[in-house]
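Hydrogens, waters and symmetry mates are skipped; everything else that's a heavy atom, side chains included, is used.
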2 protein chains.
Amino acid sequence: MQQVLFDYISKYIDLTEDEKNVLVDLDVFRTAKKGEILLREGEKTNNTFFVIKGCIRTYYLIDGEEKTTAFSTELEGVTPHCVIDKSPSRYYVSAVEDSIITVGSSDMEEEMFERFPKFEIMCKKVSEELLAKRHLDLDEFKILSPEQRYLSLLEKRPDLIQRVPQHQLASFLGVTPQSLSRMRARINKKN
Amino acid sequence: MQQVLFDYISKYIDLTEDEKNVLVDLDVFRTAKKGEILLREGEKTNNTFFVIKGCIRTYYLIDGEEKTTAFSTELEGVTPHCVIDKSPSRYYVSAVEDSIITVGSSDMEEEMFERFPKFEIMCKKVSEELLAKRHLDLDEFKILSPEQRYLSLLEKRPDLIQRVPQHQLASFLGVTPQSLSRMRARINKKN
DNA sequence: TCATTTTATTAACTTAAGGTAACGTTTTTA
DNA sequence: TAAAAACGTTACCTTAAGTTAATAAAATGA
């Protein structure tokens with residue numbers, strides 16, 4: 001479990017044993033049961049999440065309807081906007097499956113950054129990578145039709161389609177569950 | 001012009017005169033004529049752009065059609081994905097109007113970071129802010145209908161609707177120019 | 001385990017977006 | 001400045017997404 005985190009970090013910086021120990025002492029690992037809510041709309045939090053095993057999702061509650069906009073699976077993180085802009089959260093974050101995640105706080109980060117400056121540089125790299133990736137994701141979403149988005153997801157993250165409920169996947173693709181159902185029927189007919 | 005950049009930076013870190021001088025010596029300012037292409041699809045670049053005055057856009061060329069996905073105006077930057085992932089650019093970047101921009105390279109950044117580490121911390125902050133913002137933008141795009149997206153843009157960036165050609169705005173909103181035209185007609189009729 | 005809730009699909013109808021084309025207007029540029 | 005290109009709008013038709021509702025299957029929980 002710790003090793004999974006070390007391996008991830010090692011893609012960006014080299015960790016000394018000393019640093020690994022400090023990281024372990026932070027005791028950031030926790031489990032989340034399926035359906036457990038990690039962050040609620042309206043709350044302010046300093047906590048960031050990182051998925052070691054499992055899947056968590058971001059969703060909005062609009063007119064009593066859940067609108068899922070993001071899924072985070074193994075080695076993907078969620079930094080709620082409220083951590084950055086200090087405003088009440090606009091969305092919920094909850095576990096899609098029983099999951100193992102890390103929970104970090106801004107304070108914890110600050111402490112790490114002071115002791116080990118290279119952690120801050122790692123965070124910069126990760127942010128920049130994610131920013132570029134999210135730019136491409138948004139672009140793709142704008143350019144593709146709903147059906148093309150589904151086909152693209154089928155290629156890029158086939159696992160998601162298996163492990164996530166269809167109605168959550170639908171809003172993730174920007175359509176209604178009925179539309180997604182029809183899309184799937186349409187695509188099956190073609191083959 | 002330099003002052004505009006200093007003011008922006010001062011939102012994140014305090015600059016000494018010394019640092020300001022180094023920044024000026026980097027000679028990052030340049031102008032871009034309307035329509036000028038700053039980055040082409042397929043190219044690899046280390047250059048990042050930041051708009052002091054004017055407007056630049058990101059667009060894809062798909063089946064001979066330009067699909068605009070982003071506009072950057074005063075105090076907004078563009079870090080092409082190729083700077084981050086070292087792959088050929090998937091998109092074009094060009095000036096919508098005659099503009100004043102800064103052009104920075106990775107090398108230039110590295111040098112600055114070594115001399116003034118706090119610049120790197122600033123970049124981390126900016127990335128994190130943009131990342132949170134882009135997450136919200138993508139969420140909004142998924143949740144809203146095309147017409148709602150247009151109305152939202154009308155509220156949040158009314159200037160864009162004035163200064164940018166309609167057909168570019170259309171793909172930015174994820175619809176065809178004809179659809180945008182109809183949407184506008186529909187909305188006008190209601191009022 | 002059985003009742004309740006949630007989920008996925010299908011259908012019928014409504015609404016709006018895509019595609020093609022035509023038209024007048026504006027902007028470019030030779 | 002005149003010809004050409006690009007632009008914005010409208011119209012018509014097609015396609016697909018939203019809405020409402022019904023139903024069957026699956027998951028949940030008392």
Measure the distance from [atom1] on [X] to [atom2] on [N] and round it to the nearest whole Å.
{"X": "A/L144", "N": "D/dA17", "atom1": "CG", "atom2": "P", "result": "13 Å"}
{"X": "B/K33", "N": "C/dT29", "atom1": "NZ", "atom2": "C1'", "result": "16 Å"}
{"X": "B/L180", "N": "D/dT9", "atom1": "CG", "atom2": "C1'", "result": "11 Å"}
{"X": "B/L151", "N": "C/dA16", "atom1": "CG", "atom2": "P", "result": "13 Å"}
{"X": "A/E65", "N": "C/dT7", "atom1": "CD", "atom2": "P", "result": "11 Å"}
{"X": "A/Y150", "N": "C/dA8", "atom1": "OH", "atom2": "C1'", "result": "13 Å"}
{"X": "B/L169", "N": "D/dA6", "atom1": "CG", "atom2": "C1'", "result": "17 Å"}
{"X": "B/Q178", "N": "D/dT14", "atom1": "CD", "atom2": "P", "result": "17 Å"}

So does [X] pair up with [Y], basic N to acidic O under 4.0 Å?
{"X": "A/E36", "Y": "A/R30", "result": "yes"}
{"X": "A/K125", "Y": "A/E128", "result": "no"}
{"X": "A/R90", "Y": "A/E41", "result": "no"}

[X], nearest nucleotide to its side chain (from [options]):
{"X": "B/R182", "options": "C/dG18, C/dT9, D/dT20", "answer": "C/dG18"}
{"X": "B/R186", "options": "C/dA17, D/dT10, C/dA11", "answer": "C/dA17"}
{"X": "A/P165", "options": "D/dG18, D/dG8, C/dA8", "answer": "C/dA8"}
{"X": "B/P146", "options": "C/dT9, C/dA17, D/dG8", "answer": "C/dA17"}
{"X": "B/S179", "options": "D/dA17, C/dG18, C/dT9", "answer": "C/dG18"}
{"X": "A/M183", "options": "C/dG18, C/dT10, D/dA17", "answer": "D/dA17"}

Are [X] and [N] close enough that a side-chain N or O sits under 4.0 Å from OP1 or OP2?
{"X": "B/H167", "N": "D/dA6", "result": "no"}
{"X": "A/K34", "N": "D/dT28", "result": "yes"}
{"X": "A/T176", "N": "D/dG18", "result": "yes"}

- I would like to know whether A/R57 and A/E66 meet salt bridge (Lys or Arg N to Asp or Glu O under 4.0 Å); could you show each step before the answer? CA-CA 11 Å; A/R57 71 182 171 113; A/E66 290 184 4; 2.7 Å; yes
- Note on the structure: Ranking B/P177 and A/G174 by the position along DNA chain D of their nearest nucleotide, the one closer to 5' is B/P177
- Please tell me which of B/S181 and A/S145 maps to the more 5' nucleotide of DNA chain D, matching each residue to the nucleotide holding its nearest heavy atom.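 Upstream on the strand: B/S181.
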- For the rings on B/Y60 and B/Y91, is their centre-to-centre separation under 6.0 Å?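 Yes - the distance between ring centres of B/Y60 and B/Y91 falls below the 6.0 Å cut-off.
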